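For reference, the structure is listed below as structure tokens.
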Protein chains: 2
Amino acid sequence: MKNNQGLVRRRGRPPAFDRREVLERAAKIFWRRGYEGASIVDLTDAMGITAQSLYAAFGSKAQLYREALDWYRAALGAITPEALDAPDAIAVLSALLRDQARAFTDPAYPPGCMIATAALGCAEENDPVSAMVADLRHASVALVRARLERAIVEGDLRPDADPVALARFVGAVIQGLSVQARDGAGADELVAVAELAAMELARHRA
Amino acid sequence: MKNNQGLVRRRGRPPAFDRREVLERAAKIFWRRGYEGASIVDLTDAMGITAQSLYAAFGSKAQLYREALDWYRAALGAITPEALDAPDAIAVLSALLRDQARAFTDPAYPPGCMIATAALGCAEENDPVSAMVADLRHASVALVRARLERAIVEGDLRPDADPVALARFVGAVIQGLSVQARDGAGADELVAVAELAAMELARHRA
DNA sequence: AATTTATCACAGTGATCGCTACGTAATATC
DNA sequence: GATATTACGTAGCGATCACTGTGATAAATT
């Protein structure tokens with residue numbers, strides 16, 4: 001009906017649900033409850049499909065979570081190379097901090113970041129899932145670090161600045177913003193924090 | 001045997017374990033795995049007692065977690081009014097950030113903070129536990145804020161500084177340090193982040 | 001029409017969840 | 001030693017976990 005837009009012709013009855021839409025609904029449950037805190041019943045209730053359809057479409061809970069993270073990164077929370085590509089690294093990262101402060105408190109979505117504060121401490125059996133999310137955090141910090149290294153070359157950042165520490169600093173503030181958003185902080189409060197962090201970045205401007 | 005040091009005489013067979021010692025072992029499991037990630041079997045295995053003894057001594061998993069948090073705050077992770085009481089608020093908070101960076105990476109204990117990044121996103125049934133830990137985070141930030149307000153009165157901090165935002169900023173950095181410690185960061189890396197945050201604090205010195 | 005695939009409702013898998021009843025062993029007071 | 005009190009080990013409670021089998025029906029293709 002809605003899905004399978006003529007790209008791949010298959011025989012048999014087509015799915016009655018839009019795969020992307022039910023994925024988004026599942027992602028919001030994972031976002032709010034975390035991987036372990038979201039049960040299959042929670043997910044199927046929100047998605048409006050049965051467990052059989054879930055497993056037929058997504059394979060497993062862990063695979064569904066992986067796809068939910070992909071959705072989040074593509075739709076909302078990504079720190080992409082493109083987003084960091086504009087001139088003036090310090091302005092780019094200051095805007096990033098402010099944007100994240102606003103995004104983490106957007107009432108249209110669950111509070112906080114789906115990646116920055118996910119799967120911190122979980123049952124041993126789910127350590128692989130935790131490691132996967134940690135890898136996404138590492139990758140984001142690495143992108144920020146690369147952008148800061150470029151900023152030194154381009155003369156935005158002082159040559160004696162430490163891109164590794166500054167990137168970790170930006171990551172830490174974003175993670176803290178996510179914690180406080182989950183604890184109920186408002187947009188203005190978090191933007192004020194982001195601006196303090198941006199001030200510290202500006203201190204390293206060339 | 002080891003416990004019940006003559007303080008309260010009771011009839012019947014005395015416990016064969018030291019209550020404080022098994023509580024500390026339980027706390028480390030909670031610390032590493034979180035409230036939901038630590039099962040009763042995980043806990044009793046680490047504590048070296050049976051589930052029967054656990055429930056007789058601590059009442060429930062939630063109550064054991066509460067006592068574990070008390071142990072953590074008393075033994076290690078507390079931001080107490082006393083710790084913040086020394087002169088020069090900015091020096092105090094800078095030292096706090098550095099100390100936390102070191103504590104979060106102490107190989108003698110699980111990585112990160114037991115409170116700063118605990119119970120973020122959990123099953124609905126455990127929302128009360130999550131709220132309890134969030135309250136502890138709020139209380140810590142409130143202590144920092146009070147110390148910063150005093151610093152304005154005492155002339156450490158510039159009168160136009162924002163104690164609320166600065167306290168949230170300190171809290172956010174600590175929370176980010178805890179995330180990155182859990183992700184495997186080392187002491188030196190986190191101390192470098194703490195020092196960047198301390199630099200921003202210093203910018204508001206009177 | 002025949003085939004294929006997806007839907008649903010229902011049921012149930014073994015495992016684990018937090019938690020507890022029961023009988024016995026050990027230590028107190030009397 | 002008698003008795004009361006408490007802890008311990010075994011075993012198991014009902015509930016939920018992620019996940020799957022069955023079977024009938026519906027909707028698409030060939």
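To find a chain, count down the sequence lines: A is the first, B the second, and so on, and within it residues start at 1. These numbers were taken from a predicted model, which means no experiment stands behind them.
Under a 4.0 Å N-O distance rule, the pair A:Arg150/A:Asp85 qualifies as a salt bridge.
What separates CZ of A:Arg19 from P of C:dA6 is a distance of 12 Å, to the nearest Å. A straight line from CG of B:Leu43 to P of C:dG18 spans 8 Å, rounded to a whole angstrom. Remark: C1' of D:dC8 and CE of B:Met47 are 15 Å apart, rounded to the nearest angstrom. If you take CD of A:Glu124 and P of C:dT16, they are 12 Å apart, rounded to a whole angstrom. Rounded to a whole Å, the CZ atom of A:Phe17 is 16 Å from the P atom of C:dT5.
Sorted by first and then second residue, the side chain to side chain donor-acceptor pair (under 3.5 Å) pairs involving residues 170-180 of chain A (not counting sequence neighbours) are A:Thr117-A:Ser178, A:Gln175-B:Gln180, A:Gln180-B:Arg168, A:Gln180-B:Gln175. Pairs passing the side chain to side chain donor-acceptor pair (under 3.5 Å) check and including a residue from residues 70-83 of chain B, sequence neighbours excluded, read B:Thr80-B:Glu82. For the side chain to side chain donor-acceptor pair (under 3.5 Å) condition, no pair includes a residue of residues 96-115 of chain B, sequence neighbours left out.
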#### Entry: B/S/- contact track for nucleotides 9-22 of chain D, protein heavy atom under 4.0 Å
BB------SSBBB-
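When the salt bridge (Lys or Arg N to Asp or Glu O under 4.0 Å) test is applied to B:Asp183, the partners found at least two apart in sequence or on another chain are A:Arg137. By the salt bridge (Lys or Arg N to Asp or Glu O under 4.0 Å) test, B:Lys28 pairs with B:Glu24, sequence neighbours left out.
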